[in-house]
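In this text, all values refer to a predicted model and were calculated from it rather than measured experimentally. Values reported hereafter were calculated over all heavy atoms of this structure, with side chains retained and with hydrogens, waters and symmetry mates removed. For this chain, numbers begin at 1 and follow the sequence in order.
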Amino acid sequence: MDSRRDFLKGVLAGSAAMTAAVVSQPACARDTLSRPAEGLGLLYDATLCIGCKACVAACKEANGNPPEFSTADHLWDTPLDTSGYTFNLIKMYRNGTMETKDAEVNGFAFMKTSCMHCADPSCVSACPVSAMTKDPVTGIVAYEASACVGCRYCVVACPFGIPKYQYDSPTGKIGKCELCRHRYKDGHYSACAEVCPTGATLYGKTTDLLAEAKRRIALKPGSLTRYPRGKIGGPDQSYEAAVGNYLPHVYGETEYGGTQVLKLSAVTFEKVGMPDLPPKSSAATSETIQHTLYGGLVMPLVVLGALSFIAKKNVHDEDDSAANASGEK
């Protein structure tokens, strides 16, 4: 009996010593990853959006997704949020009488909801089987269904609530925007930008899109300027229009470490549904914690120590019971 007790004491002491030795070493916190220099993305300008939802229909067609109904008549596609079959959606902000577009009081505004293609995506960090990946050149956050195990860690990890699970899929599958990467080989680009009649959604390199967004912000509200349509660097489809009353902020420039989808608005971003996020991706923090816990087998040792403690306590109770029983006899 003493040998068993001595063994358990040795395991506990050894685990505690090794755990303390590893934990005492500071974790190497990694920095938030940056956008690739040639990264591709979108610029969405809410002041140019007319809410026609041509981008929603084009996205459905380009990705072969079925309609989703929210009305009893089922006459047309009416999704209320992004889903496993709706990768892009235009939502609406409403206030008071809704008399004026892009006004926070008694006004209305539109906002595009789709994957932000983060510079340091949490979905990629959280995926245990690399079904979610980020292309090192284009920066597109892509999804590979054949590798997916349906754990939905990506769904939980995304701060924008974008990856959605297809619950009717027999094998488990996630649906999200991939910037229509499957269309590039045919000379096309993101369908939402291709069909947008006002250029509210613009496709191109994120560096070019950021420069265009800052150009617009610097203009005087009400003055005239030319707005490109389709994609930057493509055929000239620009047109002249009045400059909106932009907020002096490009959403996605710094949020969550930066995103490759950028947004402009005249209404506070929180009010149009965009989360207020810090300039650091949580992927950097979570991976630092994971490396601290599992580096040097810290977590397994802690678990082993806890199990050994429980076992020691049970053995001690059994020994006491046996001793009492022997004394009674």
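Remark: Phe160 engages no residue in a ring pair (Phe, Tyr, Trp, His ring centres under 6.0 Å) (not counting sequence neighbours). Scanning for ring pair (Phe, Tyr, Trp, His ring centres under 6.0 Å) contacts around Tyr165 gives Tyr167, with sequence neighbours left out. Residues forming a ring pair (Phe, Tyr, Trp, His ring centres under 6.0 Å) with Tyr256 (at least two apart in sequence, or on another chain): none. Applying the side-chain contact (heavy atoms from CB on, under 4.5 Å) test to Ile50 and every residue at least two apart in sequence or in another chain returns Cys52, Pro197, Thr198. A search for side chain to side chain donor-acceptor pair (under 3.5 Å) contacts involving Lys176 returns nothing, not counting sequence neighbours. Shown here are the salt bridge (charged side-chain N to carboxylate O under 4.0 Å, His left out) partners of Lys205, two or more places apart in sequence or in another chain: Glu38. With sequence neighbours excluded, no residue forms a side chain to side chain donor-acceptor pair (under 3.5 Å) with Glu61. Contacts of His188 classified as ring pair (Phe, Tyr, Trp, His ring centres under 6.0 Å), with partners at least two apart in sequence or in another chain: none. Not counting sequence neighbours, Ala211 has no partner by the side-chain contact (heavy atoms from CB on, under 4.5 Å) test.
Here the side chains of Leu89 and Pro79 are in contact, with some heavy-atom distance below 4.5 Å. When side chains are defined from C-beta on, Val141 counts as touching Val124, because their heavy atoms get closer than 4.5 Å. Under the 4.5 Å side-chain criterion, counting only non-hydrogen atoms from C-beta, Thr100 is not in contact with Asn106. You'll find the side chain of His117 reaches within 4.5 Å of the side chain of Ile140, heavy atoms only. Looking only at side-chain heavy atoms (C-beta outward), Thr225 and Glu240 stay at 4.5 Å or farther from each other. Side-chain contact check for Tyr93 versus Phe108: every heavy-atom pair is 4.5 Å or farther apart. Put simply, the side chain of Leu43 reaches to within 4.5 Å of the side chain of Glu212, judged on heavy atoms. The side-chain heavy atoms of Cys49 and Tyr44, taken from C-beta on, include a pair separated by under 4.5 Å.
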Side chain to side chain contact (heavy atoms under 4.5 Å, CB included) for Ser281 and Cys118? Distances and angles first, verdict last. CA-CA 9 Å; Ser281 167; Cys118 304; over 6 Å; no
Verdict with supporting geometry, Cys192 and Leu42, side chain to side chain contact (heavy atoms under 4.5 Å, CB included): CA-CA 9 Å; Cys192 58; Leu42 301 171; 3.8 Å; yes
Does the pair Leu210 and Glu253 meet the rule for a side chain to side chain contact (heavy atoms under 4.5 Å, CB included), with working shown? CA-CA 8 Å; Leu210 182 58; Glu253 180 181 9; 4.0 Å; yes
Could you go through Ile232 and Leu209, starting from their C-alpha distance and side-chain angles, then the distance that decides it, and tell me whether this counts as side chain to side chain contact (heavy atoms under 4.5 Å, CB included)? CA-CA 8 Å; Ile232 292 183; Leu209 297 173; 3.6 Å; yes
Apply side-chain hydrogen bond (donor to acceptor under 3.5 Å, both in side chains) to residues Glu104 and Thr268 and explain how you reach the verdict. CA-CA 8 Å; Glu104 289 196 12; Thr268 306; 2.4 Å; yes
What's the verdict on salt bridge (charged side-chain N to carboxylate O under 4.0 Å, His left out) for Lys263 and Asp45, showing C-alpha distance, side-chain angles and the deciding distance? CA-CA 6 Å; Lys263 298 185 178 184; Asp45 188 335; over 6 Å; no
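Counting only residues at least two apart or in different chains, ring-ring contact (aromatic ring centres under 6.0 Å, His included) contacts with residues 56-82 comprise Phe69-His74.
Between Ser238 and Arg226, the side chains place a donor N or O and an acceptor N or O closer than 3.5 Å (distance only, hydrogens not considered). For Thr113 and Thr82, the side-chain atoms include no donor-acceptor pair closer than 3.5 Å.
The residues Asp236 and Arg229 are annotated as not salt-bridged, no charged nitrogen and carboxylate oxygen being separated by less than 4.0 angstrom. In summary, Arg183 and Glu194 engage in a salt bridge, as defined by a charged side-chain N under 4.0 Å from a carboxylate O.
Judged by distance alone, the side chain of Ser70 and the main-chain N or O of Leu80 form no donor-acceptor pair under 3.5 Å. Side-chain atoms of Lys60 come within 3.5 Å of backbone N or O of Pro66 as a donor-acceptor pair. Looking at Glu255, its side chain never comes within 3.5 Å of a backbone N or O of Pro278 through a donor-acceptor pair. The main-chain N or O of Cys59 is found under 3.5 Å from a side-chain atom of Asn63 such that the two form a donor-acceptor pair. Put simply, the side chain of Ser169 never gets that close to the backbone of Gln166: no donor and acceptor are under 3.5 Å apart. Panel note: side chain Tyr203, backbone Tyr189; no donor-acceptor pair is recorded below 3.5 Å.
Gly257 approaches Ala119 most closely through the heavy-atom pair O-CB, 3.7 Å. The two residues Thr138 and Asp135 have their closest heavy-atom pair at N-OD1, 2.9 Å.
With rounding to the nearest 0.5 angstrom, the CG atom of Asn88 is 3.0 Å from the NZ atom of Lys112. Distance check: Lys134 NZ to Asp120 CG gives 8.5 Å after rounding to the nearest 0.5 Å. Atom OG of Ser114 sits about 6.0 Å away from atom CD1 of Ile162, to the nearest 0.5 Å. Here the OG1 atom belonging to Thr86 is positioned 9.0 Å from the NZ atom belonging to Lys164, to the nearest 0.5 angstrom.
Here Leu224 is tied to no hydrophobic group at all, with no ILVMFWY side chain closer than 4.5 Å. With a 4.5 Å cut-off between side-chain heavy atoms of Ile, Leu, Val, Met, Phe, Trp and Tyr, the cluster of Tyr85 takes in none.
Around atom OH of Tyr153, no more than 12 heavy atoms belonging to other residues, nucleotides or ligands sit under 6.0 Å away. Surrounding NZ of Lys173 are at most 12 heavy atoms belonging to other residues, nucleotides or ligands under 6.0 Å away.
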